[in-house]
Number of protein chains: 2
Amino acid sequence: MLLTSQVFPHGPEVSFQMNPPGGRTPVMADVARLAGVSHQTVSRVVNGHPNVREETVLRVRRAIDELGYHRNSTARALVTRRTNVLGVIAFDTTLFGPAQTLSGIERAAREAGYFLSMVSLDDVSPDGIVAAAEYLIQQSVEGCVAIAPQRSLVDALAALPGPHPLVAVEGGEGSGLPVVCVDQVQGAHDAVRHLLELGHATVHHIEGDPLWLESEARVVGWRRALEEAGVPVPEPLPGDWSPRSGYELGRSLVARRAEGERVTAIFVGNDQMAIGVLRALHEAGLRVPGDVSVVGFDDVPEAEYLTPSLTTVFQDFAQVGKESLALLLGEIGTERNGSSGSSGTARRVVPARLRVRGSSGPPPP
Amino acid sequence: MLLTSQVFPHGPEVSFQMNPPGGRTPVMADVARLAGVSHQTVSRVVNGHPNVREETVLRVRRAIDELGYHRNSTARALVTRRTNVLGVIAFDTTLFGPAQTLSGIERAAREAGYFLSMVSLDDVSPDGIVAAAEYLIQQSVEGCVAIAPQRSLVDALAALPGPHPLVAVEGGEGSGLPVVCVDQVQGAHDAVRHLLELGHATVHHIEGDPLWLESEARVVGWRRALEEAGVPVPEPLPGDWSPRSGYELGRSLVARRAEGERVTAIFVGNDQMAIGVLRALHEAGLRVPGDVSVVGFDDVPEAEYLTPSLTTVFQDFAQVGKESLALLLGEIGTERNGSSGSSGTARRVVPARLRVRGSSGPPPP
DNA sequence: AGCAACATTGTTAACGCTCACATAGAGGAA
DNA sequence: TTCCTCTATGTGAGCGTTAACAATGTTGCT
């Protein structure tokens, strides 16, 4: 029970008895009758109101236990106009990032006493996300977190009519929606600077799906680091987050190397693609980091145990979950207070952290 | 719109207008007034009843659009006693399997017109899962899918009072709850037979968290294959699914090899641990599959791009999601029809499929 | 005593919807 | 015509809860 209330701080201490009066599941009136009070007093006890006599509370509690009464959340929601449910919209939860973010949001929501209703979409499209949002709204969620990989998606959401509390995760800025994101630019910047400081003349970049904001931001950080160092900026190679695309683009870099181009360091958009790149390099007989250094992004659990272990960038998804929930609850609060002034400009940035491991080293002489 | 109704077959075609009469969000009565009909007729139109004159339907539709009316799902749920929400309980969605299963269930639920309320737990405990189930039940979910890695968890659920439709995924058999699972035994058996057929004298096993049923079942399949072949059965090494544990147990096998034990093939409980094993073997200067063959389980997307590419066992999680939802909907249906006879013995098994890749080969001579 | 303040409980009316039933008109068969 | 059926619509009563207010009793103070 201790555990229970730790995990579900807002969950009721539910009893296990079952003793419906006439086969029906018991309602407040049943409890009231058994306890010899009015249903309203039962309501007061259930909701922990003050000003109920100790002895009455006990009697009601006993009746509740005896009948195995559970408060009907639907009826409650109808009259309070609060469902206690939040919505989450996610894309491709096969990917490590979205899956982790979802998990972080779920925990934060539960701790805040909210249920989570989830939609996960396969194809990235404004139609899809709007449909998902409408779907959730008509289920009466109090607000939504959208893990939205593209600016256009966030824009589509921001254009939704009616004052619906919405928060975007990784949704870029200036979209008129509050946003929480990891500082992709800084993370990429750190990674690339790390490689430059090791002595590489430049750093090539295999990016994720170029349509995704995360990808875009990492390109920005990569480019900025190169420009700051005054080194040449090669054309980034667009992938799609998959190991396969990492492999193929890795091969194309190998080919360019064979043609004489100096490729000694590759910053890859995520760890999965980095695995593909490692494979391509290995097949070409190139040593990592002896011949080529590789840095990934995400810090998947296996990164440390690849051969070589992968230098990568860690993102605190739990923190992202917490922050986005805090923002959303803020939205809900202000909306409830009638102040229609949207806090659309709110923006919380969670830092990324470079994890240096075995796949990055000085360039060959 | 076409896309919308593909993704949300049961979603309403929601309008985007907003025009509340007195600041309030419009209700059926508002629509009725505007259309010059009774609220009941509006209800009929909204629910697609027959026996409404074409022209009336149109008039009501127009009013609905004009006001931006959405049906209040809470009020509907209160009177119909159907929330259209299902619950899912999952453990450690960081792991590939649970995350994929969740995703499969989500899709199947959406296609069946159900919302999904999710709880994901960190520690595996009967208290935790019961609390989660109670939490969801008191939110009035119509049924629950529990992705339950341990028999004891399923037993705890089965012991819940009241007729709550519940389905377990990977929950073992004989627990009194309907169960959907991947045929772990067969998958493991296939993997081990593959190795034996390559000529290995025996196959060592690094198992996942021994408390998990998946782990147990894979051990069973592995053992059975060895016994059928009449080869010695080494003691399995218990891990915890993490790459780290794979690495450490891999090292211990390397050590035993150094002491003269013949270790030429390792069947590993999942791909993440297999990655750790590959690392340990590599560090010891052993070649895969030249010196030691390795087979994993799960077929994570990167398995194909590891070096060497990983032979592993594929699980059709989408199918698991579909089956479990079908089972749950069946439960809900029978419960609704009063027939209290639980279909507790129902059991659907989804086959696993071996994917032979580069990490398995004949033993050294 | 007399009155105000407070604590405790009860009564009634929503919340927004669906269900069961009532009603009215149209059409057909006897 | 008369009655019965069928279609189209309306009426009223809940579903189980909370909120607002009313109605007690209880205490303390002048």
Side-chain angles (χ1 to χ4, degrees), chain A residues 12 20-61 63-64 67-85 137-140 142 336, chain B residues 12 20-61 63-64 67-85 137-140 142 336:
Chain A
R24 287 182 3 269
T25 90
V27 300
M28 244 177 205
D30 298 319
V31 177
R33 206 169 308 123
L34 183 59
V37 296
S38 75
H39 62 122
Q40 178 61 344
T41 298
V42 177
S43 172
R44 281 192 264 257
V45 170
V46 168
N47 294 311
H49 276 236
N51 297 353
V52 182
R53 216 181 348 149
E54 180 93 10
E55 191 236 311
T56 313
V57 173
L58 254 53
R59 220 166 55 233
V60 170
R61 286 254 163 78
I64 287 176
L67 294 174
Y69 167 75
H70 287 201
R71 176 172 63 190
N72 180 320
S73 61
T74 308
R76 176 167 222 264
L78 178 60
V79 67
T80 58
R81 295 145 179 288
R82 300 198 40 189
T83 54
N84 248 268
V85 177
I137 287 168
Q138 72 101 25
Q139 195 221 359
S140 311
E142 291 183 32
R336 203 167 278 142
Chain B
R24 288 185 0 271
T25 90
V27 300
M28 242 177 208
D30 298 319
V31 177
R33 206 169 307 122
L34 183 60
V37 296
S38 75
H39 61 122
Q40 177 61 358
T41 298
V42 177
S43 171
R44 280 192 265 260
V45 170
V46 168
N47 294 312
H49 276 236
N51 298 354
V52 182
R53 219 186 338 155
E54 181 93 9
E55 191 238 309
T56 312
V57 173
L58 254 52
R59 219 168 54 236
V60 170
R61 285 255 163 76
I64 286 176
L67 295 175
Y69 168 75
H70 287 201
R71 176 173 63 190
N72 180 320
S73 61
T74 308
R76 177 168 220 265
L78 178 60
V79 66
T80 59
R81 293 143 179 289
R82 299 198 41 191
T83 53
N84 247 267
V85 177
I137 287 167
Q138 72 101 27
Q139 194 221 0
S140 311
E142 291 184 33
R336 205 167 276 141

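We name chains A, B, ... by the order of the sequence lines, and we start the count at 1 in each one. Only this structure's heavy atoms are used, side chains among them; waters, hydrogens and symmetry mates stay out.
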d([atom1], [X]; [atom2], [N]) in whole Å:
| X | N | atom1 | atom2 | value |
| --- | --- | --- | --- | --- |
| B/Arg53 | C/dA26 | CZ | P | 11 Å |
| A/Glu54 | C/dA7 | CD | P | 15 Å |
| B/Asn51 | C/dT23 | CG | C1' | 15 Å |

Take atom CD in B/Glu55; do more than 12 heavy atoms of anything else shown fall under 6.0 Å from it?
yes
Quick check: are there more than 12 heavy atoms from other residues, nucleotides or ligands sitting under 6.0 Å from CZ of A/Arg59?
yes
NA contact type, B/Thr74, heavy-atom cut-off 4.0 Å: base, sugar-phosphate, or nothing?
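Nothing, no nucleic acid heavy atom in range.
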Five pairs per end, C1' atoms only: what is the angle between the end axes of the helix from C/dA1-D/dT30 to C/dA30-D/dT1, to 10 degrees?
50°
Within the structure, does a side-chain N or O atom of B/Ser38 lie under 4.0 Å from either OP1 or OP2 of D/dT11?
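The answer is no; no side-chain N or O of B/Ser38 sits under 4.0 Å from OP1 or OP2.
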Donor-acceptor pair, B/Glu142 side chain versus B/Thr83 backbone, under 3.5 Å?
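At least one qualifying donor-acceptor pair exists.
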Would you confirm whether B/Thr74, through its side chain, and A/Ala77, through its main-chain N or O, come within 3.5 Å as a donor-acceptor pair?
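The answer is no, because no donor-acceptor pair under 3.5 Å joins these two groups.
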Just how far is it from atom CD1 of A/Ile137 to atom OG of B/Ser73, taken to the nearest 0.5 Å?
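Reported to 0.5 Å precision, the distance equals 11.5 Å.
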Measuring from B/Thr25:OG1 to B/Leu67:CG, what's the distance to the nearest 0.5 Å?
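Reported value, rounded in 0.5 Å steps: 10.5 Å.
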Any luck finding a side-chain donor-acceptor pair between A/Asn47 and A/Arg76 under 3.5 Å?
yes
Take nucleotides 12-19 of chain C nucleotide by nucleotide from the 5' end and write B, S or -, depending on whether a protein heavy atom sits under 4.0 Å from the base, only from the sugar-phosphate, or from neither.
B--BBSBB
Test side chain to side chain contact (heavy atoms under 4.5 Å, CB included) applied to A/Val52 and A/Val42, A/Val57, A/Val60, the passing residue:
A/Val57
